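See structure below.
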Protein chains: 2
Amino acid sequence: MASAVPTPRPGTPPKRSFREQMHIAREDAIVSAVNRLLAEKGFDAMTVDEVAVEVGIAKASLYKHFPSKEDLAAAAMARVMERARAFLEGLDGSRAPLELLRDAARWTMEVQLAGEMPSLPSENSSLRATLTTHKGYVDGLMEVSERLGAWISAAQADGSLNPALPPIAVLYTLYARACDPVLGFLKGAGLYSNEQIIEMVLSTCFDGLRKR
Amino acid sequence: MASAVPTPRPGTPPKRSFREQMHIAREDAIVSAVNRLLAEKGFDAMTVDEVAVEVGIAKASLYKHFPSKEDLAAAAMARVMERARAFLEGLDGSRAPLELLRDAARWTMEVQLAGEMPSLPSENSSLRATLTTHKGYVDGLMEVSERLGAWISAAQADGSLNPALPPIAVLYTLYARACDPVLGFLKGAGLYSNEQIIEMVLSTCFDGLRKR
DNA sequence: GTCTATACCTCGATAGAC
DNA sequence: GTCTATCGAGGTATAGAC
């Protein structure tokens, strides 16, 4: 689209780098606002006007950065997926795989209870189309899934994870903790702290409802 | 509102009863359509126009039966709650409480996989207000919760259910199976039958991910 | 690139004839 | 009670001045 990019002369300070930094900082602020609003109200209830107000720019300016509401949501999902990837990468891979999976599930719940987990409808087709074509999101999802999948296999091999469950069922079960409504229900009950809630849901997830 | 109701003469067949039967039958058709559309697309994506088209009446006629979109959804929720209540009532109460809880969870998943489970956003406040003032829904929810609560207590007393979990956490965990996205994920994978999917999720719910 | 202003659309809800 | 026709609110996206 933009063809006339001025070539900086030798010795000239890199103006374009500064502008790009501003550009990136603004997009970062936009994604932060989108992330917060998606976590608070969900995709359908979030309006682009709200995003513009929260960022403090005009709505039309938003559309210079992101071509559609779906792309805004995809950017937020890509960021949280990158956060997940970085978290998993930072874990000590020499520990027991079951403990690593537990830490992964705990992390998603902490993010959700902190109001930082975007919630998207699973049925919206235009949104799914945008998500599946968003490179950052898809790449992050792939890497996260491969890492978790390796730990699942290892945990089944060492006898700590139920080997009768297909690995994909385990993977989906862990992903589902990120949007588990039980967290909100228990929070709404007002009887337990966030730590207690997470320990309870972790217990039901890994140990089940039946007594051991 | 309607003040001029003709008084039937003695010996005249009960016309009003017939009219009411028609009225009930039409409202039943409306609730069925709403239930199906809520299960398919969710509350936000469902439009009142779609409901009218599916029922085969004008949109304005819908509003003669139900005063708002929220009331349509509440009616659908009340019906499915009544179905749940009737299912639980039909179970053999002399069986082991843990088995009764398992049957309850299985039923909600069967309803979901059959495309008959309405899905509502948990954050929409106007919807929540309507739901909490809908007598049929609230009464059904109370009775279902009391019945499940009794079985939960009994199962913890007989040592089959983890006694360390608060009963309310168990109750919410069971309710959450009705909208568990894992069912749809696994269905979308195309690798397993509905029965296999339900058995897998039941296993993770009651036995947990860890090996026993 | 950002702003104001608006086009265009969809949706929930209603008025009024029949 | 049902219909046609429409209103008003609110949504995404864009045009054009600066």
Side-chain angles (χ1 to χ4, degrees), chain A residues 1-6 15-30 33-34 37-38 41-76 120-121 124-127 129-130, chain B residues 1-6 15-30 33-34 37-38 41-76 120-121 124-127 129-130:
Chain A
M1 312 287 182
S3 53
V5 176
K15 274 190 184 173
R16 246 188 98 233
S17 171
F18 175 73
R19 285 176 61 92
E20 280 196 5
Q21 261 197 338
M22 289 294 96
H23 192 82
I24 291 175
R26 176 150 307 194
E27 292 202 343
D28 195 67
I30 293 172
V34 170
L37 287 168
L38 280 182
K41 332 177 56 169
F43 180 78
D44 290 315
M46 180 189 81
T47 71
V48 180
D49 292 80
E50 289 173 327
V51 178
V53 168
E54 177 138 340
V55 179
I57 62 176
K59 182 166 52 169
S61 303
L62 268 187
Y63 281 92
K64 296 285 184 183
H65 292 269
F66 299 91
S68 72
K69 183 187 182 184
E70 282 77 13
D71 286 270
L72 284 172
L120 309 183
N124 188 326
S125 61
S126 77
L127 185 53
T130 304
Chain B
M1 314 287 179
S3 54
V5 176
K15 272 188 182 173
R16 244 189 103 234
S17 170
F18 176 73
R19 282 176 62 94
E20 279 196 6
Q21 261 197 339
M22 290 294 93
H23 191 81
I24 292 175
R26 176 150 306 191
E27 292 201 343
D28 195 70
I30 294 173
V34 169
L37 287 168
L38 280 182
K41 330 176 62 169
F43 180 78
D44 290 316
M46 181 189 81
T47 70
V48 180
D49 292 82
E50 288 172 328
V51 178
V53 169
E54 177 138 338
V55 179
I57 63 176
K59 181 167 53 166
S61 304
L62 264 188
Y63 279 93
K64 298 285 184 181
H65 291 270
F66 298 92
S68 73
K69 184 186 182 185
E70 282 78 12
D71 286 271
L72 284 173
L120 309 183
N124 188 327
S125 61
S126 76
L127 185 52
T130 303

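Because the structure is a prediction, the values reported are computed rather than measured. Quick note: numbers below take in every heavy atom, side chains included, and nothing from hydrogens, waters or symmetry partners. So you know, we letter chains A, B, ... as the sequences are listed, proteins then strands, and number each from 1.
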(request) For A/Asp49 and D/dG10, give me the distance from atom CG to atom C1', rounded to whole Å. (result) 9 Å
(request) Measure from CG on A/Asp44 to P on D/dG10 and round the result to the nearest Å. (result) 17 Å
(request) Name every residue in residues 59-73 of chain A that has at least one heavy atom under 4.0 Å from any atom of DNA chain C, in order of residue number, or write none if there are no such residues. (result) A/Ala60, A/Ser61, A/Lys64, A/His65
(message) Within this structure, what is the CG-NE2 distance for the pair A/Asp28 and A/His23, rounded to the nearest 0.5 Å?
(response) 11.5 Å
(request) Without swapping roles, check the side chain of B/Lys69 against the backbone of B/Phe43 for a donor-acceptor pair under 3.5 Å. (result) yes
(message) Any side-chain N or O of B/Arg26 below 4.0 angstrom from OP1/OP2 of D/dG1?
(response) no
(message) Go through it in stages, so that I can follow the logic: the residues are A/Val48 and A/Tyr63, the test is side chain to side chain contact (heavy atoms under 4.5 Å, CB included), and I'd like the CA-CA distance, side-chain angles, deciding distance and then a yes or no.
(response) CA-CA 10 Å; A/Val48 180; A/Tyr63 281 92; 3.6 Å; yes
(request) Check the pair A/Thr47 / A/Lys41 against side chain to side chain contact (heavy atoms under 4.5 Å, CB included), numbers first and verdict last. (result) CA-CA 10 Å; A/Thr47 71; A/Lys41 332 177 56 169; over 6 Å; no
(request) Report the C-alpha distance between B/Val34 and B/Met46 in whole Å, list the side-chain angles of each, state the deciding distance to 0.1 Å, and finish with yes or no for side chain to side chain contact (heavy atoms under 4.5 Å, CB included). (result) CA-CA 8 Å; B/Val34 169; B/Met46 181 189 81; 4.3 Å; yes
(request) Enter the distance from A/Leu72:CG to A/Ile30:CD1 here, rounded to the nearest 0.5 Å. (result) 7.5 Å
(request) Give the rounded distance in Å between these two atoms: CD1 of B/Ile57 and C1' of D/dT4. (result) 15 Å
